[in-house]
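Side chains included, hydrogens not; waters and symmetry mates left out as well; all remaining heavy atoms used. Small disclaimer: the values here were computed from a predicted structure and weren't measured.
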Amino acid sequence: ALNLFQGVLQGLRVYRINAVMLVIQSVGFAGLAAVLLTCWRPTAVVGAAAFLTVSVVVTAVPIWMLWRSLRIETTGATLAAPPEVWKPLLAYSLGTWGSSALFSLWIWLDRYMLLHFDTLTSTECLQQLGTYHIVENVAGPLGALGAGWSVQVLARTVHLWESGEKEQAGRLVQLAAKLTVFVLTFIAAGMIVFKRFLLAGIFGDTTMASGEILELVLVTAIVLAAQCMIRSYVLCHERAWVISVVWVVAVALSCGLNLVLIPALHLQGAAITAVVCALGSTFLL
């Protein structure tokens, strides 16, 4: 429900509200979870309950506020929006939802292919999935940081665009993309230096099998974070469908490369495919 409502807000061009919602959700979840895990009991159920509570509040309150602001009563009747208003709104929302769904499919696809198309035994395939999961837990914060930052950049970019400062909006996107790549690369370099401590000391991968693909997964996360910045400029043009088309190509490319590389290189083949698809989709966008 939260994701659907965010698509509506983006279609209505109220990106700042959308950005504030995500910040409140992230900070609220961190704060509430910390309190409950400390004062109640440190279990996954408590963490899930904290996330559910914050998500419900972050979804319900803005929906109620939007419902109130859209009620236009004239002579005791509520005026309906003209049909021409809903067509672009629906197209825009479907474009954003479609790109998110395709991105999720892309993330899921290589795991499925590692399990069902590799030439290794079932036990070895499952071990590869576990190794992949460890590396993603290490690189995941980079992607989350980039995605969260891009929401704030998008809100500012759209404000400049609709204020007639299109050239300045373009410069903002360029600056944000460069800074994002620079900062995340610096953080990733630190992760590589402390690779053994992160993978073996924290996540318990004493075999260090995850170390073989850590750099590739970090590069993928950095490139996708930069793509989030570039996407802001596309959304200013209201061409959300372009992003969906790009990810259709990325999913097809991922399927084809994985069919070739996974039987030959196994887990490393999937990681190489992810880098190629991230670079390719960003280049297309």
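Contact record, Val46 with Arg41: CG2-O, 3.3 Å, taken as the closest heavy-atom pair. Counting all heavy atoms, side chain and backbone alike, Phe29 lies closest to Ala50 at CD1-C, 4.0 Å. Nearest heavy-atom pair across Val217 and Ala139 is CG1-CB, 3.7 Å. Between Trp106 and Ala278 the shortest heavy-atom distance is CZ2-N, 4.5 Å. Shown here for Leu214 and Met191, the closest heavy-atom pair between the two residues is CD2-O, 4.4 Å. The two residues Cys255 and Met113 come nearest to each other via the heavy atoms O-CE, 3.5 Å.
Two residues are said to be in side-chain contact when any heavy atoms from C-beta on lie closer than 4.5 Å; Lys178 and Met229 fail this criterion. Inter-residue side-chain proximity for Tyr132 and Gln128 is flagged as unmet; no heavy-atom pair is nearer than 4.5 Å. Looking at heavy atoms from C-beta onward, Arg171 lies out of side-chain contact with Leu175 at the 4.5 angstrom threshold. Considering only heavy atoms from C-beta on, Val153 stays 4.5 Å or farther from Val151 through its side chain. Looking at His116 and Tyr112, their side chains come closer than 4.5 Å, going by heavy atoms from C-beta outward. Contact of the Thr119 side chain with the His266 side chain is registered, since non-hydrogen atoms from C-beta on lie closer than 4.5 Å.
Using modelled atom types and a 3.5 Å distance limit, the side chains of Thr121 and Glu124 yield a donor-acceptor pair.
A donor-acceptor pair is defined here as one N or O able to donate and one able to accept, closer than 3.5 Å; such a pair exists between the side chain of Asp205 and the backbone of Ser210. A distance-only check finds a donor-acceptor pair linking the side chain of Ser244 to the backbone of Ser99 [under 3.5 Å]. For the pair Ser55 (side chain) and Leu52 (backbone), a donor-acceptor distance under 3.5 Å is absent. In this structure, the side chain of Ser254 does not engage the main chain of Ala250 through any donor-acceptor pair within 3.5 Å.
Linking Ile, Leu, Val, Met, Phe, Trp and Tyr whenever their side-chain heavy atoms come within less than 4.5 Å leaves Leu279 and Ile222 in two separate clusters.
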